[in-house]
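Have a look at the structure below before the remarks.
Along the sequence shown, residues are numbered consecutively beginning with 1.
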Amino acid sequence: MRIFDPHIHMTSRTTDDYEAMRAAGVRAVVEPSFWLGQPRTSPASFLDYFDSLLGWEPFRAAQYGIAHHCTLALNPKEANDPRCVPVLDELPRYLVKDQVVAVGEIGYDSMTPAEDTALAAQLQLAADHELPALVHTPHRDKLAGLRRTLDVVGESALSPERVLVDHLNETTVKEAKDSGCWLGFSVYPDTKMDEERMVAILRAYGPDRVLVNSAADWGRSDPLKTRGVGDLMLAEGFTEDDVDRVLWRNPVAFYGLSGRLNLDVAPPDGTHEGNSVLRGGE
């Protein structure tokens with residue numbers, strides 16, 4: 001089973017996770033920029049973070065034969081902080097980087113006017129840079145958040161076929177599917193989808209344009225949830241081709257819209273800017 005996790009925050013994970021993911025079949029990941037838990041206080045802290053997603057994390061991933069790409073954006077939660085908003089002016093010079101395969105995570109957290117402005121601005125940046133967009137739907141009042149998201153997408157220069165609407169569930173999947181957007185589902189302990197619910201949605205709506213991710217981060221999460229979905233799909237009668245479509249070909253197709261997806265992984269040589277995680281080796 002080959003797996004592409006299209007939404008995972010490896011900055012929050014250890015090298016043990018990379019090793020376990022490789023053993024489970026993960027061969028590629030996309031890491032969206034997100035809120036780190038501790039509020040940022042200036043655009044400069046975003047830029048250091050962006051640099052790590054473009055350099056250090058691909059270096060770590062390559063040591064385990066995993067291709068690493070990222071999406072960059074001002075995330076919805078911090079779009080409400082005036083100290084952070086100027087990072088929008090810095091994004092264009094980062095969105096031209098080869099490892100950036102979408103603008104994201106953008107979207108809604110609390111559905112504020114500031115989030116409206118940031119979402120519209122970043123959808124325009126995606127269109128300007130010919131990139132797809134990864135859109136975060138809110139964890140609260142999800143159906144209203146989805147509808148507001150789709151309204152803003154409809155008013156933008158970016159077509160729905162270039163938008164992945166993430167963190168969907170049973171209440172939002174039908175309207176998201178009808179919109180023409182790609183469908184993202186996070187399988188995450190306690191607060192999002194689980195394997196059984198995910199397989200039920202696949203049975204009801206089919207695998208077309210569906211991406212399944214672990215969204216693993218600094219919270220109680222599991223970077224092997226994608227493998228769990230694949231295993232349960234097989235146990236419930238889905239074919240190996242169905243599994244490959246959902247866990248590999250769909251994310252390849254979506255992020256391939258960027259024209260930048262490179263799934264060939266060369267073993268890293270030496271260190272990254274003088275640093276190595278190969279401690280204890282010869």
For this session: State whether the number of non-hydrogen atoms from other residues, nucleotides or ligands found under 6.0 Å of E196 atom CD is greater than 12.
Result: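 Counting other residues, nucleotides and ligands, CD of E196 exceeds 12 neighbours.
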
Exercise. So with a 6.0 Å cut-off around NZ of K142, is the heavy-atom count from everything else above 12?
Worked result: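 Yes.
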
Without swapping roles, check the side chain of [X] against the backbone of [Y] for a donor-acceptor pair under 3.5 Å.
X	Y	result
T71	A102	no
T172	L168	no
R2	V26	no
R162	E130	yes

Taking atom types as modelled and ignoring hydrogens, do the side chains of [X] and [Y] form a donor-acceptor contact shorter than 3.5 angstrom?
X	Y	result
D166	H7	yes
N169	T171	yes
H167	S186	yes
E31	H68	yes

Exercise. How far apart are the closest heavy atoms of L72 and S33, and which atoms are they?
Worked result: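 Shortest heavy-atom contact: CA-OG, 3.4 Å.
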
Hey, is [X] close enough to [Y] for a salt bridge, meaning N to O under 4.0 Å?
X	Y	result
R227	D231	yes
R148	D116	yes
D5	K225	no
R60	E57	yes
D178	K174	yes

For residues 44-51, please give each side-chain donor-acceptor pair under 3.5 Å, one per line with the distance, not counting sequence neighbours.
unit_1: S45; atom_1: OG; unit_2: S42; atom_2: O; d: 2.8
unit_1: Y49; atom_1: OH; unit_2: F34; atom_2: N; d: 3.2
unit_1: D51; atom_1: OD1; unit_2: Y94; atom_2: OH; d: 3.1

Exercise. Hydrophobic cluster mates of L134, side-chain heavy atoms under 4.5 angstrom, ILVMFWY only, any path?
Worked result: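 For the cluster that includes L134, the remaining residues are F4, V30, V101, L164, W182, L211, W248, V252, F254, Y255, L257, L261, L263.
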
